[in-house]
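Written below as structure tokens is the structure these notes are about.
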Amino acid sequence: NGMIDAFKLKLARQIEVQNVLPVCVMLEDPDDPRIRPDPLVGDVKEEDLVPRRFDLIISHLVLHHIPSLQSLFSTMLGCLKSGGSIALTDFEDFGPEARKFHPEARMNGVERHGIRRDSVRELLMEAGFMDVVIETAFEIEKGIETNPGEGIVPGESGSRMTFPFLICMARKS
């Protein structure tokens, strides 16, 4: 929620930025009232407001925390306008070493140790997305625990590792 607050503050400073809705909710229904427009006229009833649909949905470092990617992708598809797109980034599950992305003390809420490009591609296509592209976007070198559970010790030999990040792009027909 802190990142959403920071983004809202940046948006407030940018007069020319319009039609951007930062959302930090566990969204499971494209018609969720938390993403409906605010009434502009006092006599408009909430049930008369049409659900909001988006041109673009972005997320970063979220997918590895979500229990059901299939449900998430279906919800995202439902939240998009026709022709709308997604751009999702997360670190890649490149095998057992990918687990080191999080220290042992921070594993609460981690559903998987990165994402696998083939399984994400398949899930996006099953959800109904088209023009699915998944590729390595960048790499990040970060500190890791050399002894699980003992925390990250800065400067310790072997305490850094490079993690590849995937970008998953697709669009709604």
* To do: For the residue pair Leu27 and Cys79, establish whether any side-chain heavy-atom pair is separated by less than 4.5 Å.
  => yes
* To do: Tell me whether Met76 is reachable from Val132 by hopping between hydrophobic residues (I, L, V, M, F, W, Y) whose side-chain heavy atoms are closer than 4.5 Å.
  => yes
* **Which atom of Lys81 lies closest to which atom of Asp55, heavy atoms considered** => CD-OD1, 3.2 Å
* Residue list, side chain to side chain donor-acceptor pair (under 3.5 Å) with Arg112, at least two apart or on another chain -> none
* **Min side-chain heavy-atom separation His113-Met107 under 4.5 Å** => yes
* Identify the heavy atoms of Pro148 and Glu104 that sit nearest to each other, and give their distance. => CB-CG, 3.7 Å
* Please round to the nearest 0.5 Å and tell me the distance separating atom CD of Glu135 and atom CD of Glu92. => 12.0 Å
* Asked: Atom CD1 in Ile35, atom CZ in Arg52: separation rounded to 0.5 Å?
  -> 8.0 Å
* To do: Report yes if the side chains of Met130 and Met125 come closer than 4.5 Å at any heavy-atom pair, otherwise no.
  => no
* **Donor-acceptor pair, side chain of Lys172 and main chain of Leu77, under 3.5 angstrom** => yes
* Asked: Can you name the closest pair of heavy atoms from Leu63 and Leu88 and give their distance?
  -> CD1-CB, 4.1 Å
* Asked: For the hydrophobic clusters of this structure (ILVMFWY residues joined by side-chain heavy atoms under 4.5 Å, transitively), does one cluster hold both Ile58 and Leu72?
  -> no
* Asked: Which word best sums up how the rings of Phe101 and His64 line up, parallel for under 30°, tilted for 30 to 60°, or perpendicular for over 60°?
  -> perpendicular
* Asked: How about Arg53 and Pro30: do any of their side-chain heavy atoms sit closer than 4.5 Å?
  -> yes
* **Connected via hydrophobic side-chain network under 4.5 Å: Phe94 and Leu61** => yes
* **From CD1 (Ile152) to CG (Asn147), nearest 0.5 Å** => 12.5 Å
* Pairs meeting criterion side chain to side chain donor-acceptor pair (under 3.5 Å) with involvement of residues 120-134, two or more places apart -> Asp131-Arg171
* To the nearest 0.5 Å, what is the distance between CD1 (Ile134) and SG (Cys168)? -> 4.5 Å
* **Inter-residue atom distance Ile115.CD1 - Ile66.CD1, 0.5 Å rounding** => 12.0 Å
* Asked: Are any non-hydrogen side-chain atoms of Arg34 and Met26 less than 4.5 angstrom apart?
  -> no
* For residues Lys100 and Phe163, report the shortest heavy-atom separation together with the two atoms involved. => C-CZ, 3.8 Å
* Are more than 12 heavy atoms from other residues, nucleotides or ligands located less than 6.0 Å from atom CD of Gln70? -> no
* Separation between OG1 of Thr89 and CZ of Phe138, rounded to the nearest 0.5 Å -> 5.0 Å
* Determine whether Ile57 and Leu80 make a side-chain contact, defined as any pair of heavy atoms from C-beta on separated by less than 4.5 Å. => yes
* To do: Over all heavy atoms of both residues, which pair between Ser173 and Ser82 is shortest? Give the atoms and the distance, please.
  => O-OG, 2.9 Å
* To do: List the steps and the verdict of side chain to side chain contact (heavy atoms under 4.5 Å, CB included) for Arg160 and Ile144.
  => CA-CA 6 Å; Arg160 297 195 66 74; Ile144 61 167; 5.9 Å; no
* pair Pro164-Phe91: side-chain heavy atoms closer than 4.5 Å -> no
* Asked: After noting the C-alpha distance and the side-chain angles of Ile86 and Leu124, does the key distance pass the side chain to side chain contact (heavy atoms under 4.5 Å, CB included) rule?
  -> CA-CA 10 Å; Ile86 58 169; Leu124 286 168; 3.6 Å; yes
* To do: Would you sort out whether Arg117 and Thr136 count as a side-chain hydrogen bond (donor to acceptor under 3.5 Å, both in side chains), showing the intermediate values?
  => CA-CA 9 Å; Arg117 60 181 78 213; Thr136 303; 2.9 Å; yes
* Do Leu56 and Met169 share a hydrophobic cluster (ILVMFWY, side-chain heavy atoms under 4.5 Å, transitive)? -> no
* With a 4.5 Å limit on heavy-atom distance, are the side chains of Thr162 and Ile140 in contact? -> no
* Any donor-acceptor N/O pair, Ser68 side chain to Ser71 backbone, under 3.5 Å -> yes
* Asked: Is the Phe73 ring parallel, tilted or perpendicular to the Phe129 ring (thresholds 30°, 60°)?
  -> perpendicular
